Each structure stands twice: as structure tokens, then as C-alpha cells.
Amino acid sequence: MSERKILSHEFYKHNTLKVAKELLGKYLVRKVGRKKIIGQIIETEAYCGPKDLACHGSRGRTPRTEALFGQAGQWYVYFIYGMYYCLNVVTEKKDYPSAALIRAVKPIYGINGSEKTDGPGKLCRTFKIDKKLNNSSACSSFSSPLRRGRLGGGLLWIEDWGEKIKPSQIKKTPRIGVDYAKEYKNKPWRFILKFRI
DNA sequence: TTATCGATGGTA
DNA sequence: ACCATCGATAAA
């Protein structure tokens with residue numbers, strides 16, 4: 001049995017396409033109160049900097065996208081379509097707007113059968129992710145502010161459980177919902193983990 | 001099965 | 001007006 005390691009800043013600061021692919025098979029861990037929710041990441045998308053017209057950062061720095069311009073390894077959570085949140089983890093250099101969108105996980109622990117995890121909005125609903133997590137760190141399980149005189153547990157992070165994913169297990173497709181992105185709309189920057197080849 | 005459409009509200 | 005979505009409904 002392999003050790004479970006929290007992914008570090010080092011993991012996230014590389015090329016966004018690489019990070020988005022390497023996130024497949026890792027484990028998204030959410031702590032809410034004393035309960036844990038865990039899902040294995042099976043679908044991601046890469047948003048690759050200021051030139052990528054699908055990336056929120058391509059329209060410049062705004063209050064909403066501030067976290068996207070921050071340090072690798074922090075969460076970028078935004079509100080969309082009036083009722084959903086989307087979860088991204090920031091990649092590459094500070095001030096370079098790039099991130100990996102986590103689109104789907106496979107339920108592993110603490111998830112009711114009726115709760116869906118197969119879409120960015122549904123995943124955030126099930127994992128109780130909203131803007132309160134925006135700009136917080138994904139690199140520690142002890143990153144939250146002091147509460148009642150002691151460290152609160154971390155709230156949301158990603159673990160490597162030592163599984164190796166082969167390139168042949170990764171399906172690539174264009175990203176969802178970015179028809180407006182001109183020459184970037186058909187870039188195969190959506191990555192899906194296949195369990196059957 | 002695929003296609004279409006309304007809900008809903010922050011953002012620029 | 002637009003939107004990195006979802007779920008219901010209709011059509012086929």
C-alpha cells in the first residue's frame with residue numbers, strides 16, 4: 001500500500017497541460033466539519049494563459065479572476081450560470097493566468113449514492129465548494145485560519161495515492177462550452193481518464 | 001438516443 | 001448580454 005501524499009506547490013507550478021493530465025487518478029479530498037469526502041479525479045481541462053481565449057485570464061485581471069493570477073497550487077473558484085460553482089487549481093507562475101478545471105471525480109468515500117460528481121457544477125455541489133474556498137491553498141491540509149484556539153483542518157486538497165496512469169488511458173477532446181474561443185475552441189485540452197481501454 | 005430550452009445571478 | 005452548467009422535456 002502506497003503512502004498518501006498531498007500534492008505540493010511544486011506539482012502545480014509546471015505547464016498547465018502537463019498538470020491537467022497528471023491530476024487524473026489523483027484524489028480530491030474535502031473536509032467539512034469532521035467529515036471527509038473523497039473522489040478520484042477522472043476529468044480535467046487546461047486553461048492556458050493570457051492568449052488562450054477560453055481562459056478567463058485572457059480578458060485581463062479583474063476582481064473575479066484575481067485568484068487565477070496567483071500562485072500555483074491555490075484554488076480558483078468561480079460562480080457560473082446563476083447557480084453553479086466551478087473548481088480550478090492554479091498552475092504555472094504567479095501573475096500568469098492558468099489553471100486546471102476539475103470536471104469530474106469518481107466517488108470514493110463519504111458520498112451518498114444520490115449525489116452526483118460527473119460535472120463541474122455537480123461536483124462542487126456534492127463537495128460543498130463555493131467562493132469561500134476561492135484563493136485558498138490546495139497544498140496543505142492545515143491551511144485554514146485559526147479557529148477556537150487551534151488550527152482547523154485543511155478544507156480542500158489533492159492527494160497522490162501512488163497510482164500510475166499510462167498515456168493510453170487518457171482520452172483527449174476539445175473543451176466543453178467554449179465555442180466563443182475562436183482558434184482555441186478546438187484545442188484538445190480536455191482530459192478524461194479511461195478505466196477500460 | 002440526441003436536441004433544445006429555461007433557470008438564475010454575477011460579471012463586465 | 002454573456003456565461004468553463006444542469007435537468008427537464010421533446011423529438012426521433
Side-chain angles (χ1 to χ4, degrees), chain A residues 12 14-26 28 30 37 39-93 95-107 111-136 138 156 158 170-194 196:
Chain A
Y12 297 107
H14 301 286
N15 176 276
T16 307
L17 298 172
K18 173 183 163 79
V19 174
K21 279 180 274 197
E22 290 186 349
L23 282 172
L24 295 175
K26 303 295 191 289
L28 181 67
R30 171 79 166 119
I37 303 173
Q40 187 178 29
I41 298 171
I42 57 172
E43 182 182 340
T44 62
E45 284 176 0
Y47 288 86
C48 302
K51 302 174 85 148
D52 174 5
L53 296 177
C55 180
H56 291 166
S58 67
R59 269 86 74 196
R61 207 189 266 240
T62 68
R64 174 210 199 196
T65 60
E66 193 54 33
L68 182 59
F69 287 78
Q71 267 210 335
Q74 65 182 21
W75 298 112
Y76 169 48
V77 180
Y78 64 88
F79 186 61
I80 190 71
Y81 296 120
M83 52 182 111
Y84 300 105
Y85 296 93
C86 288
L87 176 67
N88 301 252
V89 63
V90 175
T91 58
E92 306 199 33
K93 304 185 293 275
D95 298 317
Y96 185 82
S98 56
L101 169 67
I102 299 175
R103 290 190 55 88
V105 304
K106 174 181 169 188
I111 299 169
N112 190 294
S114 62
E115 299 173 315
K116 303 287 189 231
T117 57
D118 60 337
K122 285 183 276 185
L123 183 160
C124 284
R125 184 201 297 161
T126 292
F127 278 69
K128 305 191 194 313
I129 290 163
D130 63 23
K131 284 215 78 164
K132 290 196 288 292
L133 287 164
N134 187 45
N135 232 334
S136 68
L156 183 65
I158 300 174
I170 302 178
K171 177 182 160 84
K172 301 170 175 65
T173 83
R175 295 169 292 180
I176 300 296
V178 297
D179 288 352
Y180 58 86
K182 300 185 180 170
E183 69 269 29
Y184 285 87
K185 94 173 171 116
N186 290 317
K187 299 278 187 192
W189 291 351
R190 177 187 184 211
F191 305 107
I192 301 167
L193 178 58
K194 295 187 287 187
R196 312 173 51 125

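Naming: A, B, ... by sequence-line order, numbering from 1 per chain. All values reported here derive from a predicted model rather than from experimental measurement. Every heavy atom of this structure was used, including side-chain atoms; hydrogens, water molecules and symmetry mates were not.
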Any donor and acceptor pair, going by atom type alone, linking the side chain of Lys128(A) with main-chain N or O of Cys124(A) inside 3.5 Å? no
Using modelled atom types only, decide if a donor and an acceptor are shared between the side chain of Gln71(A) and the backbone of Lys93(A) within a distance under 3.5 Å. no
Looking only at dA7(B), dA4(C), dA12(B), the nucleotide nearest the Asn88(A) side chain is dA4(C)
Thr62(A), nearest nucleotide to its side chain (from dG7(C), dA12(B), dA4(C)): dA12(B)
Where does the angle between the aromatic ring planes of Tyr76(A) and His56(A) fall among parallel (under 30°), tilted (30 to 60°) and perpendicular (over 60°)? perpendicular
Have a look at [X] and say if it touches a base, only the backbone sugar-phosphate, or nothing, with a 4.0 Å heavy-atom cut-off.
| X | value |
| --- | --- |
| Ile176(A) | sugar-phosphate |
| Arg64(A) | sugar-phosphate |
| Arg103(A) | sugar-phosphate |

Counting only side-chain N and O atoms of Lys185(A), is one of them less than 4.0 Å from OP1 or OP2 of dA4(C)? no
Look at Arg125(A) and dG7(C) and indicate whether a side-chain polar atom (N or O) is within less than 4.0 Å of OP1 or OP2. yes
Rounded distance (Å) that lies between atom [atom2] of [N] and atom [atom1] of [X]:
| X | N | atom1 | atom2 | value |
| --- | --- | --- | --- | --- |
| Ile80(A) | dA12(B) | CD1 | P | 11 Å |
| Lys182(A) | dA4(C) | NZ | P | 15 Å |
| Trp189(A) | dA4(C) | CH2 | P | 16 Å |
| Phe79(A) | dG9(B) | CZ | P | 7 Å |
| Arg59(A) | dA1(C) | CZ | C1' | 14 Å |
| Asn134(A) | dG10(B) | CG | C1' | 13 Å |
| Arg61(A) | dA12(B) | CZ | P | 13 Å |

Map Lys131(A) and Tyr81(A) onto DNA chain B by nearest heavy atom, then report which one ends up closer to the 5' terminus. Tyr81(A)
Quick check on DNA chain B: between Thr65(A) and Gly82(A), whose nearest nucleotide comes earlier from the 5' end? Gly82(A)
Of all heavy-atom pairs between Leu133(A) and Ser136(A), which one has the smallest distance, and what is that distance? O-OG, 2.8 Å
Which residue, Tyr180(A) or Lys116(A), contacts DNA chain C at a nucleotide closer to its 5' end, judged by nearest heavy atom? Tyr180(A)
When you compare the side chains of Asn135(A) and Gln74(A), does any donor N or O come within less than 3.5 Å of an acceptor on the partner? yes
